[in-house]
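One structure is given below, encoded as structure tokens.
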Amino acid sequence: MSIRVRTVHTADLSPDELGAVRGLLDAAFEGDFGDEDWDHGLGGMHALVHDSAGLVAHGAVVMRRVRHRTRWLRAGYVENVAVRADARRTGLGGRVMAELERVVDRAYDLGALSASDEGARLYTSRGWRLWGGRVHALSPLDGIVRLPEEEDSTFVRPALAGPLDTAHELVFDWRDGDVL
């Protein structure tokens with residue numbers, strides 16, 4: 001079986017390719033993937049893995065702003081990572097992450113993502129670390145609000161910014177739907 005990995009910006013994906021990605025994500029998340037989740041993964045770089053049957057794995061990295069201490073950092077935020085059901089546990093998630101991490105490490109101050117319990121195993125095996133500090137978001141109505149429910153699922157990957165101090169919170173920019 002021949003595997004092909006491609007890294008491409010959203011703007012360079014055809015409507016058919018975007019449809020295939022959305023179909024993969026809808027199937028992988030078994031009805032728990034909505035339009036706002038879809039929107040969160042657009043506007044950045046996508047890692048797509050194809051086999052002889054078509055799209056088999058996908059992930060995206062988009063830019064978000066995250067304040068740490070007194071500085072707003074460019075975060076490469078990982079979104080929409082999925083592998084087709086018949087190909088899970090074959091290393092394709094790792095191939096997707098390798099491409100996304102290459103982008104994060106070279107273009108962003110840090111990497112960040114919110115992981116499910118199942119997904120956390122992949123990320124920790126690749127060196128991502130559970131954020132040990134507080135997590136907040138900059139709300140358009142209430143200012144900075146703490147997100148304690150995200151503190152056990154937010155992972156970071158220091159990149160150009162170097163190590164981060166967990167004694168200081170991370171403040172993420174706001175977005176519709178799930179903030180993280």
Side-chain angles (χ1 to χ4, degrees), residues 1-64 66 74-131 150 153-161 172 175-180:
M1 173 169 62
S2 174
I3 299 290
R4 207 170 30 96
V5 181
R6 179 174 161 225
T7 306
V8 60
H9 193 277
T10 302
D12 295 319
L13 291 170
S14 72
D16 287 344
E17 289 174 309
L18 286 168
V21 171
R22 179 65 192 255
L24 173 71
L25 294 167
D26 286 339
F29 289 99
E30 301 173 340
D32 193 25
F33 187 83
D35 290 341
E36 289 171 334
D37 299 313
W38 172 245
D39 187 61
H40 293 167
L42 300 176
M45 296 299 293
H46 300 258
L48 303 108
V49 180
H50 290 84
D51 66 8
S52 58
L55 183 64
V56 66
H58 171 271
V61 61
V62 298
M63 193 185 94
R64 295 190 66 189
V66 178
R74 289 182 332 277
Y77 200 86
V78 172
E79 291 283 359
N80 301 347
V81 175
V83 176
R84 201 173 61 214
D86 66 318
R88 290 185 184 143
R89 307 281 182 249
T90 63
L92 296 178
R95 291 188 67 176
V96 165
M97 288 305 297
E99 285 300 307
L100 300 179
E101 290 161 357
R102 180 184 63 79
V103 172
V104 167
D105 292 348
R106 296 187 53 145
Y108 293 99
D109 296 317
L110 75 144
L113 58 84
S114 181
S116 65
D117 290 339
E118 184 176 313
R121 289 183 294 224
L122 170 64
Y123 307 125
T124 55
S125 74
R126 300 194 56 80
W128 290 75
R129 297 289 173 242
L130 181 64
W131 177 249
E150 300 293 342
S153 63
T154 300
F155 286 75
V156 296
R157 178 182 180 89
L160 299 175
F172 286 84
R175 62 185 185 176
D176 294 333
D178 295 331
V179 176
L180 296 188

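For this chain, numbers begin at 1 and follow the sequence in order.
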Between Arg84 and Leu55, is there a donor-acceptor pair closer than 3.5 Å when you use the side chain of the first and the backbone of the second?
yes
Flag, side chain of Asp109 to backbone of Arg74, donor-acceptor distance under 3.5 Å
yes
Donor-acceptor pair, side chain of Arg95 and main chain of Ala98, under 3.5 angstrom
no
Can you tell me if Asp12 has over 12 outside heavy atoms packed within less than 6.0 Å of its CG?
yes
Would you say Trp128 and Glu101 are linked by a side-chain donor-acceptor pair, where the criterion is simply a distance under 3.5 Å?
yes
Counterpart residues, side chain to side chain donor-acceptor pair (under 3.5 Å), relative to Arg129 (two or more places apart):
none
Residue pair Glu150 / Ser114: nearest heavy atoms and the distance that separates them:
OE1-OG, 3.3 Å
Met45 and side chain to side chain contact (heavy atoms under 4.5 Å, CB included): which single residue from Thr7, Val8, Thr10 fits?
Thr7
Scanning both residues in full, the closest heavy-atom pair of Ala57 with Leu92 reads CB-CB, 4.1 Å
On the 0 to 90° scale, with breaks at 30° and 60°, tag the His46-His58 ring pair as parallel, tilted or perpendicular.
tilted
Is the closest basic N to carboxylate O distance between Arg88 and Glu118 below 4.0 Å?
no
So, for Phe155 and Leu130, which heavy atoms are closest and what is the spacing to 0.1 Å?
CD2-N, 3.5 Å
Arg175 to Tyr77 six-membered ring, cation-pi geometry met (6.0 Å, 45°):
yes
Side chain to side chain contact (heavy atoms under 4.5 Å, CB included) between Glu99 and Val49, worked out:
CA-CA 10 Å; Glu99 285 300 307; Val49 180; over 6 Å; no
